[in-house]
Peer 1: 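Next up is a structure, given as structure tokens.
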Amino acid sequence: MTKNPLNERQQRAVTSPTNQILVLAGPGSGKTRVLTHRIAHLVQGGVAPYRILAVTFTNKAAREMETRLENMLGGKANGVWLGTFHATCARILRREALPGSSLPFDTRFVIMDADDQLSIVRRAIKELNISDKLFRPNAVLSAISNAKNNLILPQDFAARSYRDEVILRVYQRYQQSLQSSNALDFDDLLLWVVRLFSANPEVQNRYAHQFEYVLVDEFQDTNRVQYELLRQLSSAYGNLFVVGDEDQSIYRWRGADYRNVLRFEKDYPRCEKILLEQNYRSTQTVLDAARGVIDQNRNRTRKHLSSARAEKGKQIVLFEAVDDHEEAEYVVSTIQRALRDKLAEGADFAIMYRTNAQSRVLEEAFLSAGLPYRLVGAQRFYGRREIKDMIAYLRLVYNPSDDVSLGRVINVPARHIGDKTVEALQEAARSAGISAGELLLELGAPEPEAAFNGLLPARIHGVLQPFARHLHEWHNQLDSASLPALFDRILEDTNYQAWLDDGTDEGTDRWANVLELRKLAFDYETRGLEAFLENLALVSDQDTLPEENNAATLLTLHAAKGLEFDRVFIIGMDDGLLPHSRSKDDEEEMAEERRLFYVGLTRAKNQIYLVRAERRSTYGSYEYSTPSQFLEDIPRSLVQESGKVKPVRRVVNPAWDETMTWGRVPQAPASARTPQPALQSRYKATMRVRHPSWGDGVILESRIEDGEETVDVHFESVGFKRLLASLAKLEILS
DNA sequence: AGATGAGCGGTTTTT
DNA sequence: CCGCTCATCT
């Protein structure tokens with residue numbers, strides 16, 4: 001693909017001299033390629049790399065662009081500001097949060113992750129004597145995040161109801177906690193840059209004059225803060241190049257607003273709009289199916305994606321399993337068969353699902369089949385208790401004011417510091433006007449300042465002393481010792497291994513995780529603790545997970561955006577899962593669910609498998625569901641069904657042939673069926689056969705199911721089919 | 001202070 | 001079903 005020349009429109013997008021350019025790029029239309037080529041074009045035209053800012057949505061996308069630029073230009077593009085919104089903002093704030101700035105934190109701020117945020121909210125709710133039943137911490141946090149995404153700080157928050165009043169109070173307390181911990185949450189990173197720029201035009205100007213060119217990926221998923229930020233950053237030169245696709249907007253719940261695309265056209269009436277509709281990824285079958293789905297959405301620019309590839313491609317396979325276990329087994333066995341027949345390799349496959357919870361059953365099936373897989377996202381590594389502990393230690397050493405981290409590790413491993421002791425410490429710190437961590441640091445000094453003597457009762461002081469001393473020593477090492485040395489020192493001083501690795505399998509496992517993190521710390525030996533912590537906070541886990549060799553990928557539909565795979569399974573094609581039940585009352589949300597499905601479909605280069613289960617276990621009991629309504633929008637001619645025999649279901653979509661049945665071969669009710677003696681297989685694996693319409697193929701497997709012989713055949717023309725031997729008119733060739 | 005066990009609530013999606 | 005919180009006991 002890299003060898004191909006750019007098509008005419010891509011070329012235009014890369015070289016156009018227009019100031020503001022809006023590229024509407026369908027899936028697989030070479031969007032990343034256009035972005036990287038444009039950056040390369042700018043650099044080769046003499047623009048200094050540091051004057052180019054390119055913003056991506058994920059770290060992964062940023063790294064991929066970096067690699068491509070490296071390949072194109074060697075080191076010539078080094079220095080381009082390339083990163084996510086959040087990483088870019090963190091970088092700006094680390095420079096600007098100097099003493100005397102208007103910002104309520106200094107350059108040693110730490111970044112709170114979702115867990116930290118939630119524990120701050122919980123604490124605030126508790127301290128304010130609010131019921132956490134009526135005000136769910138999660139809901140309150142999302143209200144706060146929502147406000148921040150709209151640039152609303154507590155002082156700007158207009159409470160229009162009792163509920164708002166309460167949320168506001170929590171918000172205030174929450175913000176205070178962050179401030180006293182010298183911490184920022186994700187939303188703050190963006191918010192404070194915008195506030196900084198608004199309050200200090202000279203600072204904004206400095207950056208705006210630095211960034212002669214601003215380029216943005218996944219523009220449809222920007223929110224209001226991000227839009228504002230882009231406006232500010234490009235305000236000097238007005239060179240703003242944005243790439244996006246309304247149809248792939250899937251982050252509305254996070255404040256993203258694809259109408260930013262419309263806003264862009266309105267705010268920059270002289271912008272040039274370029275449509276990329278030539279698809280270089282998928283077969284026409286994949287595109288037709290995707291189009292059938294997305295064309296049901298209104299209020300969008302209709303695109304006419306056409307495949308640059310000649311072949312129509314394999315039909316879409318639809319499989320209905322009886323339950324989620326069979327669903328997973330179907331995925332695994334289909335992959336195994338393809339591997340065995342050398343039709344594909346592991347890394348060609350991706351299995352996508354709506355909710356993270358669905359990965360569990362899949363993982364079990366992969367494990368028991370001995371099939372390698374890699375799971376992206378889902379807090380696998382960084383959510384681990386032992387990992388969070390070690391990170392908390394490091395964060396605390398870096399920034400002793402970090403209350404959340406202090407609370408996490410002050411008594412881990414247990415060192416007789418209970419709630420009462422912590423409370424006394426906090427009270428004493430408050431009366432001294434410093435944070436608890438700072439006070440500890442002081443108490444651990446060889447000669448603490450006299451002012452801090454007598455703040456605490458002698459007994460409590462004594463209990464805290466050993467920990468305080470350690471903290472002081474670690475903190476002192478910050479500038480002299482390397483990160484790995486500090487890491488080891490903490491492990492040693494806390495006796496962490498002995499505490500964690502208690503001889504059980506789980507303990508060994510946990511210790512192995514710590515060693516994994518330690519390995520990562522060695523990678524940051526030269527860059528240091530600050531870079532290490534920032535990376536841990538901002539880089540999602542998909543980046544750092546050890547790459548399993550040639551393994552299938554398990555990921556949510558959200559995480560799939562921007563990726564491509566040869567063969568894609570989308571599982572859980574059930575009403576209530578996709579579209580998700582939480583979306584069904586809201587038209588906008590339903591449209592977003594549809595886009596999510598569209599994103600999944602368009603990841604496939606060659607083959608799509610849509611899989612559902614009639615029932616799946618949730619919380620221990622079974623729940624039944626009907627097929628996803630989205631399935632009805634896929635043209636019938638593109639689909640080939642597969643699965644176990646079960647009662648006929650009628651299809652409601654008039655686009656389908658009335659006489660067609662859904663999912664199954666029709667069959668008499670069970671009661672009318674006479675049990676048949678086990679019958680002999682007529683077909684065996686490796687036999688060559690001929691089908692009247694599909695031509696020649698080879699039998700992959702034959703088995704007796706419910707008294708019927710079922711054969712899996714791979715046809716040269718259409719690929720994999722599962723057939724009932726009694727119905728298919730197969731001719732045996734060899 | 002720490003260990004144990006009953007009870008409960010939770011699942012959308014992520015930088 | 002699982003993991004977490006809270007209450008109770010040692």
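Residue numbers start from 1 in every chain, and the chains themselves are labelled A, B, ... in the order their sequence lines are given, proteins ahead of strands. Everything numeric in this text was worked out from a predicted model, so none of it was measured.
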Peer 1: So A:Ser581, base contact, sugar-phosphate only, or nothing? Heavy-atom distance under 4.0 Å.
Peer 2: nothing

Peer 1: When the nearest nucleotide of DNA chain B is assigned to A:Gly418 and to A:Glu592 on a heavy-atom basis, which residue is associated with the more 5' position?
Peer 2: A:Gly418

Peer 1: Under 4.0 Å, heavy atoms only, any strand: does A:Asn411 hit a base, just the sugar-phosphate, or nothing?
Peer 2: sugar-phosphate

Peer 1: Whole Å only: how far is the CZ atom of A:Arg616 from the C1' atom of C:dC1?
Peer 2: 16 Å

Peer 1: At 4.0 Å (heavy atoms only), tell me whether A:Asp221 reaches a base, stays on the sugar-phosphate, or touches nothing.
Peer 2: nothing

Peer 1: With the threshold set at 4.0 Å, does a side-chain nitrogen-carboxylate oxygen contact exist between A:Arg595 and A:Glu592?
Peer 2: yes

Peer 1: For a quick test of reading the model: is some side-chain N or O of A:Thr421 closer than 4.0 Å to OP1 or OP2 of B:dA1?
Peer 2: yes

Peer 1: When you check the phosphate oxygens OP1 and OP2 of B:dG9, does a side-chain N or O of A:Asn138 lie under 4.0 Å from one of them?
Peer 2: no

Peer 1: Taking only the side-chain heavy atoms of A:Lys126 (C-beta and beyond), determine which of B:dG2, C:dC6, B:dT14 contains the nearest atom.
Peer 2: C:dC6

Peer 1: If you measure only the distance, is there a donor-acceptor pair under 3.5 Å linking the side chains of A:Glu386 and A:Asn513?
Peer 2: yes

Peer 1: With a 4.0 Å heavy-atom cut-off, tell me which residues in residues 83-90 of chain A come close to DNA chain B, sorted by residue number.
Peer 2: A:Thr84, A:His86

Peer 1: DNA chain B: A:Asp419 or A:Phe186, which has the more 5' nearest nucleotide?
Peer 2: A:Asp419

Peer 1: What is the distance, to the nearest angstrom, from the CG atom on A:Leu596 to the P atom on B:dT13?
Peer 2: 11 Å

Peer 1: How many whole angstroms separate atom CG of A:Asp115 from atom P of C:dG3?
Peer 2: 15 Å

Peer 1: Answer with base, sugar-phosphate or nothing: what part of the nucleic acid does A:Ala357 contact at a heavy-atom distance below 4.0 Å?
Peer 2: base

Peer 1: Checking contacts here: which listed nucleotide (B:dT14, B:dT11, C:dC2) is nearest the side-chain heavy atoms of A:Arg360?
Peer 2: C:dC2

Peer 1: Checking salt bridge (Lys or Arg N to Asp or Glu O under 4.0 Å) between A:Arg408 and each of A:Asp115, A:Asp116, A:Asp389, which is the one that passes?
Peer 2: A:Asp389

Peer 1: Under the 5.5 Å and 30° test, is A:Phe57 stacked on the base of B:dT15?
Peer 2: no

Peer 1: Just verifying a value: how many Å separate A:Arg594 CZ and A:Ser628 OG, rounded to the nearest 0.5 Å?
Peer 2: 8.5 Å

Peer 1: Which nucleotide in the set B:dG2, B:dT14, B:dT11 lies at the smallest distance from any side-chain heavy atom of A:Thr556?
Peer 2: B:dT14

Peer 1: For the pair made of CZ in A:Arg136 and C1' in C:dT5, what is the distance, rounded to whole Å?
Peer 2: 14 Å

Peer 1: Is it the case that A:Asp217 and A:Thr32 place a side-chain donor and acceptor less than 3.5 Å from each other?
Peer 2: no

Peer 1: Classify the nucleic acid contact of A:Arg385 as base, sugar-phosphate or nothing, counting any heavy atom under 4.0 Å across all strands shown.
Peer 2: nothing

Peer 1: Taking NZ from A:Lys420 and P from B:dG2, how many angstroms apart are they, rounded to a whole number?
Peer 2: 14 Å

Peer 1: B:dT14 C1' sits how many Å from A:Met112 CE, rounded?
Peer 2: 19 Å

Peer 1: Is the shortest side-chain N/O distance from A:Asn59 to OP1 or OP2 of B:dT15 below 4.0 Å?
Peer 2: no

Peer 1: A:Thr58 has a side chain; which of B:dT15, B:dT11, B:dG2 sits nearest to it?
Peer 2: B:dT15

Peer 1: If the threshold is 4.0 Å, N to carboxylate O, is there a salt bridge linking A:Asp257 and A:Arg252?
Peer 2: no

Peer 1: Specify the separation, in whole Å, of atom CH2 of A:Trp253 and atom P of B:dT11.
Peer 2: 13 Å

Peer 1: Students often get this wrong, so: under 4.0 angstrom with heavy atoms, is A:Arg595 touching a base, only sugar-phosphate, or nothing?
Peer 2: nothing

Peer 1: Looking at A:Glu363 and A:Arg360, does any basic side-chain N land under 4.0 Å from a carboxylate oxygen?
Peer 2: no

Peer 1: Examine the side chains of A:Asn260 and A:Arg263 and answer whether a donor and an acceptor come within less than 3.5 Å of each other.
Peer 2: yes

Peer 1: Can you list everything that forms a salt bridge (Lys or Arg N to Asp or Glu O under 4.0 Å) with A:Asp247? Sequence neighbours excluded, please.
Peer 2: A:Arg300, A:Lys303

Peer 1: Check every atom of B:dG2, B:dG10, B:dT11 against the side chain of A:Ala414 and return the nucleotide holding the closest atom.
Peer 2: B:dG2

Peer 1: Expressed as a whole number of angstroms, how long is the span from A:Arg254:CZ to B:dT14:C1'?
Peer 2: 5 Å

